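Data block below; observations after.
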Amino acid sequence: MRFFPYIKKNYDYGVVIFLLTFNLITVSSYRVENVLKIAHDRFYTIVIGCGICLFMSLLVFPIWSGEDLHNSTVGKLEGLAKSIEACVNEYFNDSELKENQEKSSEDPIYKGYKAVLDSKSTDETLALYASWEPRHSRHCYRFPWQQYVKVGAVLRQFGYTVVALHGCLLTEIQTPRSVRALFKDSCIRLAGEVTKALMELANSIRNRRHCSPGILSDHLHEALQDLNTAIKSQPRLFLGSNNNQANNMLALAAAHAARHNKPEKDGHGVSLSSVKTDSSALMEWKTKRASEQAKENERKVLRPQLSKIAITSLEFSEALPFAAFASLLVEIVARLDNVIEEVEELGRIACYKEYNPEEDEIIVKCEKPPVDVAKNQLPTHASD
């Protein structure tokens, strides 16, 4: 029974304790007169141990797994918001500020999204433990801990884009700062709006209320339009103004490779005598092998030279890294919708209070979820 997936996931610890009790009685079975006494002692020991654990965890030093899961979800949203803001600011900062951040012991950008990427097993474990906890809420209804797990999954997908955005700061080819300055204001504004939306989601979960109706405000769409307009206003940076230069440089590289290959063919293309002795065959084999090794060595030396020539000859290579950065920033905005949908679903199932800007009174609007939703979202073995 332990290896049934459902039993192993939810009741494995209880089955292990039962097997331990069974083994204790089995080992002592040769003393028939003490079997009942051993069973009673074991039962009383389990009851006393459970009583002490419940007393300590509920009254003396309460630690709620559901509360930890709730707070970790809030922390992950805030960490992603700080990472995006710091990443964009560092991308457009001066070199002096960047050098100071490199000297620091820990990267604040990595610190922000690290907890999101490593949260899968932790979220599932906390949700499982929380399903066994007593319902200490005011309304004493089933709390959708599995919905927190879904929110964490969406945040991980969102975090992968933030990781890619952070990678743009560490690439070998970087856009000159003079080019970045043309798009600085629009990118910082867009990142600021995304940060505001994530912080609003974090505050809504922390306060157990629904999101603000204006979480996706017109300012976010205006920031997207500004970035689009700024990119369209500089077409030569992304398309290049002289395509013939790149073709000429590549032609020079091909001619350079042809000059290196030609002497090799001429030097080793001498035909041997039709009558070959063993020594002459051995010399031919050694000569052929040496020529192949020489070709391979020159090919290895030539390969990085050709890549450098190709990279330096492309005019749009200076703006290409920024194009990747801007594309990832827009992708973050697109994935923000998925995060908002899951958080709103969490608020609906968990019966969060309605959003009130004045917060003078608490308005609770709770609709009992349908039976199929409750079965899919909530564990069936929750304690009373």
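The figures that follow rest on heavy atoms only: side chains count, while hydrogens, waters and symmetry mates do not. None of the values given here were measured: they were computed from a predicted structure.
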Intermediate values then yes/no, side chain to side chain contact (heavy atoms under 4.5 Å, CB included), Arg2 and Leu19: CA-CA 10 Å; Arg2 282 193 60 202; Leu19 291 177; 3.9 Å; yes
What do the steps show when you test Arg335 against Thr161 for side chain to side chain donor-acceptor pair (under 3.5 Å), and what is the final call? CA-CA 9 Å; Arg335 294 196 178 191; Thr161 310; 3.3 Å; yes
What do the steps show when you test Glu85 against Lys82 for salt bridge (Lys or Arg N to Asp or Glu O under 4.0 Å), and what is the final call? CA-CA 5 Å; Glu85 186 177 16; Lys82 293 177 182 177; over 6 Å; no
Give the C-alpha distance, both sets of side-chain angles, the deciding distance and a yes or no for side chain to side chain contact (heavy atoms under 4.5 Å, CB included) between Glu193 and Val333. CA-CA 9 Å; Glu193 294 299 328; Val333 178; over 6 Å; no
What's the verdict on side chain to side chain contact (heavy atoms under 4.5 Å, CB included) for Phe143 and Tyr148, showing C-alpha distance, side-chain angles and the deciding distance? CA-CA 10 Å; Phe143 207 75; Tyr148 279 89; 3.4 Å; yes
Between Lys150 and Asp123, is the salt bridge (Lys or Arg N to Asp or Glu O under 4.0 Å) condition met? List the steps. CA-CA 9 Å; Lys150 291 187 176 182; Asp123 289 350; over 6 Å; no
Assess the residue pair Leu190 and Leu220 against the criterion (side chain to side chain contact (heavy atoms under 4.5 Å, CB included)); give the C-alpha distance rounded to whole Å, side-chain angles, the decisive distance to 0.1 Å, and a yes or no. CA-CA 6 Å; Leu190 182 59; Leu220 180 61; 3.7 Å; yes
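In this view, Phe158 satisfies the ring pair (Phe, Tyr, Trp, His ring centres under 6.0 Å) rule with no residue, not counting sequence neighbours. Under the side chain to side chain contact (heavy atoms under 4.5 Å, CB included) criterion, Met1 pairs with Phe4, not counting sequence neighbours. Looking at residues two or more places apart in sequence or on another chain, you find a salt bridge (Lys or Arg N to Asp or Glu O under 4.0 Å) between Asp226 and Arg189. By the salt bridge (Lys or Arg N to Asp or Glu O under 4.0 Å) test, Glu200 is found to be paired with Arg209, residues two or more places apart in sequence or in another chain being considered. Contacts of Gln225 classified as side chain to side chain contact (heavy atoms under 4.5 Å, CB included), with partners at least two apart in sequence or in another chain: Asn228. For Asp41, the salt bridge (Lys or Arg N to Asp or Glu O under 4.0 Å) partners are Lys37, not counting sequence neighbours. Shown here are the ring pair (Phe, Tyr, Trp, His ring centres under 6.0 Å) partners of Tyr113, two or more places apart in sequence or in another chain: Tyr110, His166. For Arg206, the salt bridge (Lys or Arg N to Asp or Glu O under 4.0 Å) criterion is met by Glu78, not counting sequence neighbours. By the side chain to side chain contact (heavy atoms under 4.5 Å, CB included) test, Lys184 pairs with Phe92, Ile188, sequence neighbours left out. Applying the side chain to side chain contact (heavy atoms under 4.5 Å, CB included) criterion to Asn71, with sequence neighbours excluded, gives Glu67.
Criterion: ILVMFWY side-chain heavy atoms under 4.5 Å apart, direct or through other members. Under it, Leu224 and Phe325 are part of a common hydrophobic cluster. Clustering ILVMFWY residues whenever any of their side-chain heavy atoms sit less than 4.5 angstrom apart, transitively, puts Val60 in the very cluster that holds Leu58. Cluster annotation: Phe3 and Leu128 are assigned to distinct hydrophobic clusters (Ile/Leu/Val/Met/Phe/Trp/Tyr, side-chain heavy-atom contacts under 4.5 Å, transitive). Two different hydrophobic clusters hold Val149 and Val339 under the rule that ILVMFWY side chains link at heavy-atom gaps under 4.5 Å. The hydrophobic clustering, which links ILVMFWY residues whose side-chain heavy atoms are closer than 4.5 Å, places Tyr160 and Leu80 together.
Within the 3.5 Å criterion, the main-chain N or O of Val116 finds a donor-acceptor partner in the side chain of Ser119. Counting only distance, with no hydrogens or angles, the side chain of Ser72 and the backbone of Leu69 share a donor-acceptor pair below 3.5 Å. A distance-only check finds a donor-acceptor pair linking the side chain of Ser57 to the backbone of Cys53 [under 3.5 Å].
Taking all atoms of both residues into account, the shortest heavy-atom contact from Val162 to Ser83 is CG1-CB, 4.1 Å. Taking both residues in full, the closest heavy atoms of Cys187 and Leu227 are given as SG-CD1, 3.7 Å, listed atom of the first, atom of the second, then distance. Counting all heavy atoms, side chain and backbone alike, Tyr129 lies closest to Ser65 at CB-OG, 3.4 Å. Of all heavy-atom pairs between Cys87 and Ile109, the closest is CA-CD1, 3.5 Å. Between Cys211 and Glu344 the shortest heavy-atom distance is SG-CG, 4.3 Å. In terms of heavy-atom proximity, Gly159 sits nearest to Leu117 at C-CD2, 4.4 Å.
Here the side chains of Glu222 and His219 are in contact, with some heavy-atom distance below 4.5 Å. Between Thr122 and Asp118 the shortest side-chain heavy-atom distance does not fall below 4.5 Å. The side-chain heavy atoms of Asp12 and Val16, taken from C-beta on, include a pair separated by under 4.5 Å.
If you take CG on Leu329 and CG on Leu165, they are separated by 6.0 Å, rounding to the nearest 0.5 Å. Atoms CG and OG1, from Leu182 and Thr175 in turn, are 10.5 Å apart once rounded to the nearest 0.5 Å. Here NZ of Lys120 is found 14.5 Å from CG of Leu155. Values are rounded to the nearest 0.5 Å. The line from CD1 of Ile17 to SG of Cys50 is 9.0 Å long, rounded to the nearest 0.5 Å. A distance of 5.5 Å separates CD in Gln147 from CD in Glu345, rounded to the nearest 0.5 Å. A distance of 9.5 Å separates CG in Leu77 from CG in Asn203, rounded to the nearest 0.5 Å.
Using a 4.5 Å cut-off between side-chain heavy atoms of Ile, Leu, Val, Met, Phe, Trp and Tyr, Phe43 falls into a hydrophobic cluster with Tyr44, Val47.
Residue Asp218 qualifies as open at atom CG: its count of foreign heavy atoms under 6.0 Å is 12 or below. Counting non-hydrogen atoms of other residues, nucleotides and ligands closer than 6.0 Å to NE2 of His221 gives a total above 12.
Cation-pi geometry between Arg180 and Tyr91 is met: under 6.0 angstrom from the ring centre, within 45 degrees of the axis.
Between His210 and Tyr352, the two ring planes are perpendicular [angle over 60°; tilted spans 30° to 60°].
Within the structure, the salt bridge (Lys or Arg N to Asp or Glu O under 4.0 Å) test picks out no pair touching residues 151-176 (sequence neighbours left out).
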